[in-house]
Undergrad: 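A single structure is presented below for examination.
Chain letters run A, B, ... following the sequence lines, proteins first, then strands; residues in each count from 1.
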Number of protein chains: 2
Amino acid sequence: MPASPPARKAARSTTAAPQREAATRDADKTRLNILEAAEAEFAAKGLAGARVDVVAEEAGANKRMIYYYFGSKEDLYLAVLERVYTDMRVAEAELALEAMAPLAAITCLAEFKFDYPAQHPHLIPLLNSENLLGGEYLRRSLRLREMQISLIARLEAILARGAADGTLRAGIDPLHLYLTISAVSYFYFSNNPTLSTAFGRDLATPDERAARRRHVVDVVTRYIERV
Amino acid sequence: MPASPPARKAARSTTAAPQREAATRDADKTRLNILEAAEAEFAAKGLAGARVDVVAEEAGANKRMIYYYFGSKEDLYLAVLERVYTDMRVAEAELALEAMAPLAAITCLAEFKFDYPAQHPHLIPLLNSENLLGGEYLRRSLRLREMQISLIARLEAILARGAADGTLRAGIDPLHLYLTISAVSYFYFSNNPTLSTAFGRDLATPDERAARRRHVVDVVTRYIERV
DNA sequence: TGTTTATGTAACTGGTTAGTTAATATGGGT
DNA sequence: ACCCATATTAACTAACCAGTTACATAAACA
């Protein structure tokens, strides 16, 4: 016996309003629903483990729509990755570091690199998946490069400012500083499950997180401060 | 047409020798071959992406043998994970940190945490896969806990020694120090593909690696040194 | 030597999955 | 009021893949 057609929301024909109702048809909404469902699915299961049918169901869309809008599972994965990665870079670019004192600017960046993955929990699983795949999808994408490089240039300027006013040491490599700032936060989030197991202590509690955040700022501060 | 049977090595019947020749039948060897092939396959593709048939082929064994020796794909994954993880903990436990001056002991640990993943490239992909899965397999395993906890106790003793002789600051949290030491190396290796892409610069070259190693030791030193 | 047990092989199975097909509904433009 | 590109659906398929079965052969041992 063929399944009865699924219940549909009644179509509101009040089409005058510019902000669209969730009507029977809304291409942009369908596309966005798919993208968001895919972000959760790929973050949770990785590229190989993710199921296209699950994405479709979670998005409330037909599986065919994924292929209609994104072409393939891999292209959908790439679209998700680009979106998440770009969002992070944009947020990073919007930090008003230039308006701050050098030491404050660097600690602000460190706090941002800690808080952002905490507030966007899909980011790290997606980046980890991508690194397991050798980074080939992100490499295939890019316009991203310039954003990142410009951040290093900004860091370099801040470090120079700090060296000039005597608050920071001279000779700090901005790229390695950036890697270290990223690392001390990223590792805490990405490896939290195995670390918690190894130490027999839940490292994901609010208290542990706050303690880690303080430690991260402390490590960065001691590395750059003039003594 | 059925395939002709694969060529077999001639059976040496000199069974007197205690160290076995790679004879027609060698259960231990077959088991080990499977384990090593599985390590490479799981490291390269993750649990979901790995193919049992590929493991069998790479091991020069029949797929049936995987189920004979390991029960299931998941149990094979767990066996691989346990082996790799335990090896690392054993190597870590063998560091003669107690024989060194406090500062030297900590930098030695930092260098070890950098060099070990460089020499065991399957470790980080496997740990990343496991963390993506929420760490549930490693959690299911354990006798591992005590090893890790004892390392923190050792670190604590070294830090106390350093505080007493005035070479290190007092009040350093050994767990967070260990996390930071791990993080600054781990992140460099685990995220090398996306970082290289983002910065438009191959960060995996010997020169870049050596530079990163120096930076890591520098960061750790500056964090613990008394100033 | 003959029986048992460990080790190995090839072919199969049942369920899953990415991707496709073909038919259909919707609504803006005219 | 109707047309047609856009959007959507259910059902299909071909490939794949983890796990199984039935059978074969080598060593262990009586």
Undergrad: Any donor and acceptor pair, going by atom type alone, linking the side chain of A:Asn131 with main-chain N or O of B:Thr194 inside 3.5 Å?
TA: yes

Undergrad: Look at the side chain of A:Arg64 and decide which nucleotide, out of D:dT21, C:dA22, C:dA6, has an atom nearest to it.
TA: C:dA22

Undergrad: Answer yes if the ring centres of B:His215 and A:Tyr223 are under 6.0 angstrom apart, and no otherwise.
TA: yes

Undergrad: If I take atom CD1 in residue B:Ile66 and atom P in nucleotide C:dT9, what distance separates them, rounded to the nearest angstrom?
TA: 12 Å

Undergrad: Below 4.5 Å, heavy atoms only, C-beta onward: do B:Leu76 and B:Val52 meet side chain to side chain?
TA: no

Undergrad: Could you list the protein-to-nucleotides 17-19 of chain C atom pairs, N/O on both sides, closer than 3.5 Å?
TA:
{"unit_1": "C:dT17", "atom_1": "OP1", "unit_2": "A:Arg51", "atom_2": "NE", "d": "2.8"}
{"unit_1": "C:dA18", "atom_1": "OP1", "unit_2": "A:Ala50", "atom_2": "O", "d": "3.1"}
{"unit_1": "C:dA18", "atom_1": "OP1", "unit_2": "A:Arg51", "atom_2": "NH1", "d": "3.2"}
{"unit_1": "C:dA18", "atom_1": "OP1", "unit_2": "A:Lys73", "atom_2": "NZ", "d": "3.2"}
{"unit_1": "C:dA18", "atom_1": "OP2", "unit_2": "A:Val52", "atom_2": "N", "d": "3.2"}
{"unit_1": "C:dA18", "atom_1": "N7", "unit_2": "A:Lys63", "atom_2": "NZ", "d": "3.2"}
{"unit_1": "C:dG19", "atom_1": "OP2", "unit_2": "A:Tyr67", "atom_2": "OH", "d": "3.1"}
{"unit_1": "C:dG19", "atom_1": "OP2", "unit_2": "A:Lys73", "atom_2": "N", "d": "2.9"}
{"unit_1": "C:dG19", "atom_1": "N7", "unit_2": "A:Lys63", "atom_2": "NZ", "d": "2.9"}
{"unit_1": "C:dG19", "atom_1": "O6", "unit_2": "A:Lys63", "atom_2": "NZ", "d": "2.6"}

Undergrad: When you get a sec, tell me which of C:dT9, C:dG8, D:dA7 is the closest nucleotide to the side chain of B:Asn62?
TA: C:dT9

Undergrad: Quick check against the 3.5 Å criterion: does A:Arg212 have a side-chain atom that pairs as donor or acceptor with the backbone of A:Val184?
TA: yes

Undergrad: A:Met65 has an atom CE; how far is it from atom C1' of C:dT21, in whole Å?
TA: 13 Å

Undergrad: Please report, to 0.1 Å, the donor-acceptor pairs under 3.5 Å made by any side chain of residues 108-130 of chain B, with sequence neighbours excluded.
TA:
{"unit_1": "B:Lys113", "atom_1": "NZ", "unit_2": "B:Glu92", "atom_2": "OE2", "d": "2.7"}
{"unit_1": "B:Lys113", "atom_1": "NZ", "unit_2": "B:Tyr178", "atom_2": "OH", "d": "2.9"}
{"unit_1": "B:Asp115", "atom_1": "OD1", "unit_2": "B:Arg213", "atom_2": "NE", "d": "2.9"}
{"unit_1": "B:Asp115", "atom_1": "OD2", "unit_2": "B:Arg213", "atom_2": "NH2", "d": "2.7"}
{"unit_1": "B:Tyr116", "atom_1": "OH", "unit_2": "B:Met88", "atom_2": "N", "d": "3.4"}
{"unit_1": "B:His120", "atom_1": "ND1", "unit_2": "B:Tyr116", "atom_2": "O", "d": "3.1"}
{"unit_1": "B:His122", "atom_1": "ND1", "unit_2": "B:Glu39", "atom_2": "OE2", "d": "2.8"}
{"unit_1": "B:Asn128", "atom_1": "OD1", "unit_2": "B:Tyr186", "atom_2": "OH", "d": "2.8"}
{"unit_1": "B:Ser129", "atom_1": "OG", "unit_2": "B:Pro125", "atom_2": "O", "d": "3.0"}
{"unit_1": "B:Glu130", "atom_1": "OE1", "unit_2": "B:Tyr77", "atom_2": "OH", "d": "2.8"}
{"unit_1": "B:Glu130", "atom_1": "OE2", "unit_2": "B:Glu136", "atom_2": "N", "d": "3.4"}
{"unit_1": "B:Glu130", "atom_1": "OE2", "unit_2": "B:Tyr137", "atom_2": "N", "d": "2.9"}
{"unit_1": "B:Glu130", "atom_1": "OE2", "unit_2": "B:Leu138", "atom_2": "N", "d": "2.7"}

Undergrad: Enumerate the residue pairs fulfilling salt bridge (Lys or Arg N to Asp or Glu O under 4.0 Å) with a member in residues 117-129 of chain A, sequence neighbours excluded, ordered by first and then second residue.
TA: none

Undergrad: Respond yes when some side-chain nitrogen or oxygen of B:Tyr68 is under 4.0 Å from OP1 or OP2 of D:dG19, and no when none is.
TA: no

Undergrad: Mind listing the side-chain donor-acceptor pairs of residues 42-51 of chain A below 3.5 Å, one per line with the distance, residues two or more places apart or on another chain?
TA:
{"unit_1": "A:Lys45", "atom_1": "NZ", "unit_2": "A:Glu41", "atom_2": "OE1", "d": "3.2"}
{"unit_1": "A:Lys45", "atom_1": "NZ", "unit_2": "A:Glu41", "atom_2": "OE2", "d": "3.0"}
{"unit_1": "A:Arg51", "atom_1": "NH1", "unit_2": "A:Ala48", "atom_2": "O", "d": "3.1"}

Undergrad: Quick one: list whatever passes side-chain hydrogen bond (donor to acceptor under 3.5 Å, both in side chains) with A:Glu98, sequence neighbours left out.
TA: A:Arg154

Undergrad: Do any of residues 127-135 of chain A sit with a heavy atom less than 4.0 Å from DNA chain D, and if so which?
TA: none

